[in-house]
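The structure appears right after this line, and notes come after that.
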There are 2 protein chains.
Amino acid sequence: MGRWAPGAAQRLPQAAMELFAERGFEATTVAEIADRAGVTERTFFRYFADKREVLFAGQEQFASAFIDAIDAAPDGAALADLVAAAAAAGGAVLQQARGREFARARHAVIAANEQLQERELLKLAKLAAAVAERLKARGVTAVAAQLGGDLTVSVFSDAFNRWIAPGETRDLVALQRESLAALGELAAGVTQPLKARRA
Amino acid sequence: MGRWAPGAAQRLPQAAMELFAERGFEATTVAEIADRAGVTERTFFRYFADKREVLFAGQEQFASAFIDAIDAAPDGAALADLVAAAAAAGGAVLQQARGREFARARHAVIAANEQLQERELLKLAKLAAAVAERLKARGVTAVAAQLGGDLTVSVFSDAFNRWIAPGETRDLVALQRESLAALGELAAGVTQPLKARRA
DNA sequence: CCAGTGATGACAGATGCTGACATCAGCTGC
DNA sequence: GCAGCTGATGTCAGCATCTGTCATCACTGG
């Protein structure tokens, strides 16, 4: 290795999280993050494409949990089962990786700044697109696959938001089952009126 | 009025759309947009909070179509009907306001740049939250309302994406019915396994 | 011991965005 | 008419984000 302390890729996100939590995202400059991590501003931008990206390091593992769950599902699985399995797999990774407290802290930082919300939404949109692509590869129609991708992310996100609510102690996957139940009830009203409406 | 040609608020988005379509979003500077509109860069930032926002002028009308449709629905309406009505109202506004060709051109500009996609996703997320809020005001439970807001936007977006596909001539609301049908089929698989699974 | 490699530092510059103050047409009250 | 106010715009200075380019230097392989 080089003449500098290794692990800059790990120190930078940690320094960023600390500073963002202390003073907020906009009140923190990239130079300050780099200083705390012991590198220069230029090096920060060698590791992360922009200032926001430092909060989204290592999301590939999270996204691949969704994908792998779909690819690993048995052949006859219904679309609803695929959605549930993918969301559950993503939730499991999230719970094990860093835990609820870390998720809460990270979410608080993101919730306080629209630029960060935008980045998170883009990541989730890409995840939904990737899920839809794997669904199509299994033979799901294009329309159902696109909606299935969106729904997977919606079920995950809605459950996640309740999972990190103050005082909540239930398991993330249990909360996803709750969201899925609401989805089932909602959609029970859509199938029948669509054919029987005004009959 | 002042000593300058009026209508800067209209000329700026038009100049921006032209330049973005010609050379792309990143290759266009705010100074160039302002020049074409006959104002200074500083004036641009008086009308729009940032460079991206110029493409999202006048979205309040679009969002209020969703909200108004929910508030105007009859008392006994099922959640699924509210979702369908809101998406249909938003679609109607979009079709009448500027038409499919304008939507295609605008979407092409946005699809070519991730910064613009982020902004659009943020607008849609806020719309989903606003829809969820109105659903809760009608007595829908928090869990169902959050999911209902997401679903409204998903149904709208999925149908919109097909609406602007090359060669597509069907009505936007007709495409939404297609998305809703896919939703019904998907969710038909979720209600029953949730209670009967492993029975 | 020497050339190559790869990560980092140093520096200059374009662009996005903001604050502060000046300017000037039209309106208002007298 | 005329003085003053108002509101939109221009002008200017400045900070922060992000990028291109080149130099530096520890480590590696021969």
Side-chain angles (χ1 to χ4, degrees), chain A residues 1-58 109-110 112-120 122, chain B residues 1-20 22-58 109-110 112-120 122-123:
Chain A
M1 293 299 159
R3 71 207 115 138
W4 301 272
Q10 279 69 44
R11 290 197 311 273
L12 281 167
Q14 188 184 339
M17 262 287 290
E18 292 170 10
L19 288 166
F20 293 166
E22 287 170 21
R23 349 178 172 166
F25 176 77
E26 298 196 31
T28 304
T29 69
V30 174
E32 289 167 344
I33 301 170
D35 270 357
R36 182 170 294 205
V39 297
T40 60
E41 185 180 330
R42 190 66 185 85
T43 293
F44 177 95
F45 286 110
R46 286 198 177 97
Y47 281 97
F48 304 100
D50 58 47
K51 185 182 167 186
R52 298 175 232 171
E53 199 65 18
V54 71
L55 274 182
F56 299 86
V109 168
I110 292 176
N113 184 273
E114 290 202 341
Q115 293 183 58
L116 293 173
Q117 291 169 47
E118 288 183 333
R119 180 56 48 85
E120 175 140 279
L122 182 65
Chain B
M1 296 298 163
R3 68 205 117 140
W4 301 272
Q10 279 68 45
R11 290 197 311 273
L12 281 168
Q14 188 183 340
M17 263 286 290
E18 291 170 11
L19 287 166
F20 292 164
E22 286 170 21
R23 352 178 168 164
F25 176 77
E26 299 196 30
T28 304
T29 68
V30 175
E32 289 167 347
I33 301 170
D35 270 356
R36 181 168 294 204
V39 297
T40 61
E41 186 181 331
R42 190 67 184 87
T43 293
F44 177 96
F45 287 110
R46 287 200 177 97
Y47 282 97
F48 304 99
D50 59 47
K51 184 181 166 187
R52 299 175 231 171
E53 198 65 19
V54 70
L55 273 182
F56 298 86
V109 168
I110 293 176
N113 185 273
E114 290 203 340
Q115 294 183 56
L116 293 173
Q117 292 169 47
E118 289 183 331
R119 180 57 47 87
E120 175 140 279
L122 181 66
K123 299 284 186 189

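Naming: A, B, ... by sequence-line order, numbering from 1 per chain. Because only heavy atoms are used, hydrogens play no part in the values below, and waters and symmetry mates are left out as well, while side chains stay in.
- In this structure, CZ of Phe44(B) is placed 14 Å from C1' of dT18(C), rounded to the nearest angstrom.
- Residue pairs meeting the salt bridge (charged side-chain N to carboxylate O under 4.0 Å, His left out) criterion with at least one partner in residues 37-50 of chain B, sequence neighbours excluded, are Asp50(B)-Arg119(B).
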Atom pairs and distances, donor-acceptor, side-chain atoms in residues 24-32 of chain B, under 3.5 Å, two or more places apart:
unit_1, atom_1, unit_2, atom_2, d
Glu26(B), OE2, Asn113(B), ND2, 3.2
Thr28(B), OG1, Gly24(B), O, 2.8
Thr29(B), OG1, Glu32(B), N, 3.2
Glu32(B), OE1, Arg23(B), NH1, 2.9
Glu32(B), OE1, Thr29(B), N, 3.0
Glu32(B), OE2, Arg23(B), NH1, 3.1

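- For Tyr47(B), the ring-ring contact (aromatic ring centres under 6.0 Å, His included) test picks out no residue, with sequence neighbours left out.
- Heavy-atom minimum distance, Ala34(B) versus Leu12(B): CA-CD2, 4.1 Å.
- Within residues 47-56 of chain A, the residues approached by DNA chain D to less than 4.0 Å at the level of any non-hydrogen atom are Ala49(A), Asp50(A), Lys51(A), in residue-number order.
- Partners of Glu114(B) under the side chain to side chain donor-acceptor pair (under 3.5 Å) rule, at least two apart in sequence or in another chain, are Lys126(A).
- The CZ atom of Phe44(B) sits 4.5 Å away from atom CD1 of Ile33(B), with the distance rounded to the nearest 0.5 Å.
- Straight-line distance from the CG atom of Leu19(A) to the P atom of dA16(D): 14 Å, rounded to whole Å.
- When the C1' atom of dG16(C) is taken as reference, atom CD of Gln115(B) falls 10 Å away, rounded to whole Å.
- Distance check: Lys51(B) NZ to Gln115(B) CD gives 7.0 Å after rounding to the nearest 0.5 Å.
- Across all their heavy atoms, Pro13(A) and Val54(A) have their closest contact at CA-CG2, 3.5 Å.
- For the atom pair Leu122(B) CG and Gln117(B) CD, the distance stands at 13.5 Å (nearest 0.5 Å).
- The listed nucleotides are dG9(C), dC17(C), dC18(D); the one nearest the side chain of Phe45(B) is dC17(C).
- At whole-Å resolution of the value, CD in Glu41(A) and C1' in dT17(D) are 7 Å apart.
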Identify each atom pair where a protein N or O and an N or O of nucleotides 11-14 of chain D are less than 3.5 Å apart, giving names and distance.
none

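- For the atom pair Gln14(B) CD and Glu18(B) CD, the distance stands at 5.0 Å (nearest 0.5 Å).
- In this structure, Phe56(B) has no ring-ring contact (aromatic ring centres under 6.0 Å, His included) partners at least two apart in sequence or on a different chain.
- Taking atom CG of residue Leu116(A) and atom C1' of nucleotide dT17(D), one finds them 14 Å apart after rounding to whole Å.
- Contacts between residues 21-34 of chain A and DNA chain C, defined by a heavy-atom separation below 4.0 Å, involve no residue at all.
- Across residues 7-16 of chain A, not one residue has a non-hydrogen atom less than 4.0 Å from an atom of DNA chain D.
- Partners of Phe45(A) by ring-ring contact (aromatic ring centres under 6.0 Å, His included), not counting sequence neighbours: none found.
- In summary, Glu120(A) and Arg52(A) do not engage in a salt bridge, as defined by a charged side-chain N under 4.0 Å from a carboxylate O.
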